[in-house]
Visitor: 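The structure follows.
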Amino acid sequence: MAETVHSPIVTYASMLSLLAFCPPFVILLWYTMVHQDGSVTQTFGFFWENGVQGLVNIWPRPTLIAWKIIFCYGAFEAALQLLLPGKRVEGPISPAGNRPVYKANGLAAYFVTLATYLGLWWFGIFNPAIVYDHLGEIFSALIFGSFIFCVLLYIKGHVAPSSNDSGSCGNLIIDFYWGMELYPRIGKNFDIKVFTNCRFGMMSWAVLAVTYCIKQYEINGKVSDSMLVNTILMLVYVTKFFWWEAGYWNTMDIAHDRAGFYICWGCLVWVPSVYTSPGMYLVNHPVELGTQLAIYILVAGILCIYINYDCDRQRQEFRRTNGKCLVWGRAPSKIVASYTTTSGETKTSLLLTSGWWGLARHFHYVPEILSAFFWTVPALFDNFLAYFYVIFLTILLFDRAKRDDDRCRSKYGKYWKLYCEKVKYRIIPGIY
């Protein structure tokens with residue numbers, strides 16, 4: 001049964017608006033960044049003159065080369081996910097009492113992907129600038145192809161679910177948007193959400209960051225320091241993600257959100273288009289920051305990424321040792337919370353109330369938002385569209401914090417109330 005934490009009207013309005021407006025927004029973002037100098041006012045002027053027909057005219061038609069690039073990339077990542085060796089990792093116990101098993105080979109897949117991509121460029125076999133030159137067609141193909149993929153996931157959830165962590169709420173729109181299955185798989189070993197979220201979505205972030213850097217070099221004969229800072233910080237962040245990928249499998253995206261339009265379409269389309277957009281903007285807008293400012297931004301960004309990582313590492317170590325570890329040099333403060341699974345079993349969880357997790361219940365979102373700001377600020381402030389990802393991420397994480405709090409309140413009851421009394425702030429210590 002799908003759970004909603006907002007009122008039914010807000011829930012339906014948000015679902016329908018995202019289903020309707022996210023696909024054209026991806027095209028509008030690309031068109032404005034690449035063809036309208038990043039200027040929202042220029043794009044607005046174009047549509048003021050041309051109306052809805054203008055959107056039809058600028059929407060790139062998926063081409064054979066776009067489909068080939070997507071297929072080769074997707075097949076390569078799927079093969080790496082299946083074939084590369086990796087440690088066996090167990091995910092958290094699901095609401096139905098299941099414990100998914102994964103193969104942790106993401107970091108190896110990440111380095112193989114980047115080495116292969118750069119090797120193809122270095123030896124003149126494939127020019128990554130081609131990806132940028134056909135970016136609109138690729139995004140268009142992803143929009144339609146991923147929508148069909150989500151329809152197939154919906155059908156699979158009805159006719160061939162992979163586990164009993166699945167089911168319908170009786171509403172087609174909610175089932176399609178939020179998903180039918182928590183852990184859909186093809187066969188026993190190919191986890192679909194690991195592929196969409198990690199190996200396609202997050203991997204594409206790194207691939208496109210490199211692509212934008214190479215394209216700027218092709219255009220100008222050099223790479224600006226602003227592009228270098230942007231690319232390095234994005235790659236550091238994605239490297240951190242794959243270093244910590246097994247920890248990601250314990251998060252809300254994997255352990256609680258089902259495989260539907262919201263997660264899967266978002267990772268297949270929204271991540272490569274929106275998350276990479278600061279780099280897309282910088283391709284045609286090189287900024288020379290100067291060595292001193294570039295280093296300041298780079299160091300600040302790396303520090304934020306490290307704090308974000310250390311927050312997750314701290315909680316993961318606390319869980320792994322069942323609370324028998326040191327947090328900031330001392331024994332951790334914790335709450336032992338019991339809960340009941342949907343199958344009626346009583347389980348216990350430990351809630352960490354010290355270290356980073358004593359500052360706020362979702363403090364790790366603060367350095368994540370600041371990281372995004374620091375890899376965007378090299379673009380300076382000529383066009384605010386470069387900052388769309390930072391704004392979107394802030395809204396996304398504040399909403400996710402509310403959903404996670406509401407889910408935990410429902411799961412832990414009085415223990416969650418006690419936890420909130422001990423850790424008073426949701427995200428920003430002393431403020432919110």
Side-chain angles (χ1 to χ4, degrees), residues 1-5 86-106 153 156-157 160-169 178-198 244-260 262-264 311-325 332 334-353 357 361-362 364 400-401 403-420:
M1 184 74 175
E3 293 181 10
T4 58
V5 301
K87 188 173 72 173
R88 182 183 184 274
V89 173
E90 292 184 346
I93 297 172
S94 72
N98 299 312
R99 190 183 283 277
V101 176
Y102 304 98
K103 183 165 64 170
N105 59 7
L153 277 179
K156 179 186 179 303
S162 299
S163 74
N164 60 346
D165 282 299
S166 61
S168 170
C169 73
W178 285 115
M180 295 284 293
E181 295 186 78
L182 186 59
Y183 297 116
R185 296 196 168 192
I186 298 173
K188 184 181 178 182
N189 298 318
F190 190 78
D191 189 284
I192 290 174
K193 276 168 72 179
V194 170
F195 175 74
T196 58
N197 296 27
C198 306
W244 170 79
E245 186 186 42
Y248 174 70
W249 296 331
N250 292 281
T251 66
M252 198 171 193
D253 286 356
I254 299 293
H256 304 290
D257 288 338
R258 293 184 174 190
Y262 173 76
I263 279 290
C264 294
C311 290
D312 292 321
R313 181 207 59 78
Q314 195 175 80
R315 183 171 60 178
Q316 192 175 3
E317 182 68 8
F318 172 76
R319 288 172 172 170
R320 187 186 67 80
T321 62
N322 204 28
K324 296 182 176 74
C325 62
K334 61 183 181 291
I335 293 172
V336 181
S338 63
Y339 65 96
T340 306
T341 67
T342 55
S343 60
E345 290 182 82
T346 299
K347 305 277 187 182
T348 59
S349 287
L350 298 181
L351 306 178
L352 178 60
T353 60
W357 301 92
R361 300 191 293 276
H362 304 277
H364 59 313
R400 182 176 292 177
R403 290 199 298 122
D404 197 34
D405 272 15
D406 290 350
R407 180 187 61 80
C408 290
R409 186 178 299 111
S410 173
K411 179 179 180 180
Y412 295 119
K414 64 181 181 180
Y415 300 105
W416 188 253
K417 184 179 179 183
L418 180 63
Y419 176 67
C420 291

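Because the structure is a prediction, the values reported are computed rather than measured. The figures that follow rest on heavy atoms only: side chains count, while hydrogens, waters and symmetry mates do not. One-based numbering along the sequence shown.
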Visitor: Hey, does the side chain of R185 reach the backbone of D191 with a donor-acceptor pair shorter than 3.5 angstrom?
Guide: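 No, the answer is negative, given that no donor and acceptor are paired below the 3.5 Å cut-off.
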
Visitor: Output the distance between atom CG (N164) and atom CG (N98), rounded to the nearest 0.5 Å.
Guide: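 The CG atom of N164 sits 4.5 Å away from the CG atom of N98.
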
Visitor: So I335 and Y412, side chain to side chain contact (heavy atoms under 4.5 Å, CB included) or not? Walk me through it.
Guide: CA-CA 11 Å; I335 293 172; Y412 295 119; over 6 Å; no

Visitor: Using only atom types and a distance under 3.5 Å, with no angle test, would you say the side chain of R258 pairs donor to acceptor with the backbone of W178?
Guide: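 No: the side chain of R258 does not pair with the backbone of W178.
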
Visitor: Side chains of S94 and Y183 only: does a donor on one sit below 3.5 Å from an acceptor on the other?
Guide: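 The criterion, which ignores hydrogens and geometry beyond distance, is not satisfied for Y183 and S94.
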
Visitor: Side-chain contact, heavy-atom cut-off 4.5 Å: E181 with P161?
Guide: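 They are in contact (side-chain heavy atoms under 4.5 Å apart), so the answer is yes.
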
Visitor: Working to the nearest 0.5 Å, report the span between CZ of R315 and CZ of R320.
Guide: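 Going from CZ on R315 over to CZ on R320, the span is 15.5 Å.
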
Visitor: How would you list, by chain and number, every residue that makes a side chain to side chain contact (heavy atoms under 4.5 Å, CB included) with K347, sequence neighbours excluded?
Guide: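 Listed in chain order: I93, Y339, T341, E345.
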
Visitor: Return yes if some donor-acceptor pair links the side-chain N/O of D165 with the main-chain N/O of L182 below 3.5 Å, else return no.
Guide: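 Looks like no, no N/O pair under 3.5 Å.
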
Visitor: Let me confirm one number: the CD1-CD1 distance from I263 to I254, rounded to the nearest 0.5 Å.
Guide: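 Rounded to the nearest 0.5 Å, the CD1-CD1 separation comes to 7.0 Å.
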
Visitor: Can you tell me how far CZ of R409 sits from CG of D404, rounded to the nearest 0.5 angstrom?
Guide: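 If I round to the nearest 0.5 Å, the distance is 10.5 Å.
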
Visitor: Would a 4.5 Å heavy-atom cut-off, applied to side chains only, mark R319 and N250 as touching?
Guide: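 When only atoms from C-beta onward are counted, N250 and R319 do touch, with a gap below 4.5 Å.
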
Visitor: Which heavy-atom pair separates C311 from H364 by the least distance, and what is that distance?
Guide: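 Taking C311 first and H364 second, the nearest heavy atoms are CB-CB, 3.6 Å.
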
Visitor: Judged by atom type as modelled, is there a donor-acceptor pair below 3.5 Å linking the side chain of K103 to the main-chain atoms of N189?
Guide: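 No: the side chain of K103 does not pair with the backbone of N189.
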
Visitor: Ignoring hydrogens and geometry beyond distance, is a side-chain donor-acceptor pair present between H362 and D405 at under 3.5 Å?
Guide: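 Yes, because at least one side-chain N or O of H362 sits under 3.5 Å from a partner of the opposite role on D405.
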
Visitor: List the atom of G86, the atom of N105, and the distance in Å for their closest heavy-atom pair.
Guide: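 Here G86 and N105 meet closest at CA-CB, 4.1 Å.
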
Visitor: Please find the pair of heavy atoms, one from C198 and one from E245, that lie closest to each other, and give the distance.
Guide: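 Looking at all heavy atoms of both residues, the closest pair is CB-OE2, 3.2 Å.
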
Visitor: What's the spacing between C420 SG and R361 CZ if we round to 0.5 Å?
Guide: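 Those atoms lie 4.0 Å apart.
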
Visitor: Could I get the full list of side chain to side chain contact (heavy atoms under 4.5 Å, CB included) partners for V89, not counting sequence neighbours?
Guide: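 So V89 forms a side chain to side chain contact (heavy atoms under 4.5 Å, CB included) with K87, A104, A246, W249.
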
Visitor: Donor-acceptor pair, distance only, cut-off 3.5 Å: does the side chain of E90 make one with the backbone of V101?
Guide: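 No.
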
Visitor: Using ring-ring contact (aromatic ring centres under 6.0 Å, His included) as the criterion, list what pairs up with W416, not counting sequence neighbours.
Guide: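 Partners of W416 under the ring-ring contact (aromatic ring centres under 6.0 Å, His included) test: Y419.
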
Visitor: Step by step, work out the side chain to side chain contact (heavy atoms under 4.5 Å, CB included) result for D257 and R403.
Guide: CA-CA 11 Å; D257 288 338; R403 290 199 298 122; 3.1 Å; yes

Visitor: Which atoms form the tightest heavy-atom contact between D312 and W244, and what is the distance?
Guide: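 Closest approach of D312 to W244, heavy atoms only: CB-NE1, 3.4 Å.
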
Visitor: Residues two or more places apart in sequence or in another chain: which of them pass side chain to side chain contact (heavy atoms under 4.5 Å, CB included) with K334?
Guide: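 Applying side chain to side chain contact (heavy atoms under 4.5 Å, CB included) to K334 gives F318, L350.
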
Visitor: My understanding is that only residues two or more places apart in sequence, or in another chain, count here; which of them pass side-chain hydrogen bond (donor to acceptor under 3.5 Å, both in side chains) with Q314?
Guide: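 With neighbours one apart ignored, the set is empty.
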
Visitor: When you measure from the side chain of T321 to the backbone of E317, do you find a donor-acceptor pair of N or O atoms at a distance under 3.5 Å?
Guide: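 Checked: pair present.
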
Visitor: What closest approach, in Å, do P184 and A259 show between heavy atoms, and which atom pair accounts for it?
Guide: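 Between these two residues, the closest heavy atoms are CG-CB, 3.5 Å.
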
Visitor: Mind checking what makes side-chain hydrogen bond (donor to acceptor under 3.5 Å, both in side chains) contact with Y248, not counting sequence neighbours?
Guide: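 Result, side-chain hydrogen bond (donor to acceptor under 3.5 Å, both in side chains) vs Y248: N197, D253.
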
Visitor: List the atom of C325, the atom of P332, and the distance in Å for their closest heavy-atom pair.
Guide: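 Between these two residues, the closest heavy atoms are O-CD, 2.9 Å.
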
Visitor: Return yes if a side-chain donor-acceptor contact under 3.5 Å exists between S162 and K156, otherwise no.
Guide: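 The criterion, which ignores hydrogens and geometry beyond distance, is satisfied for K156 and S162.
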
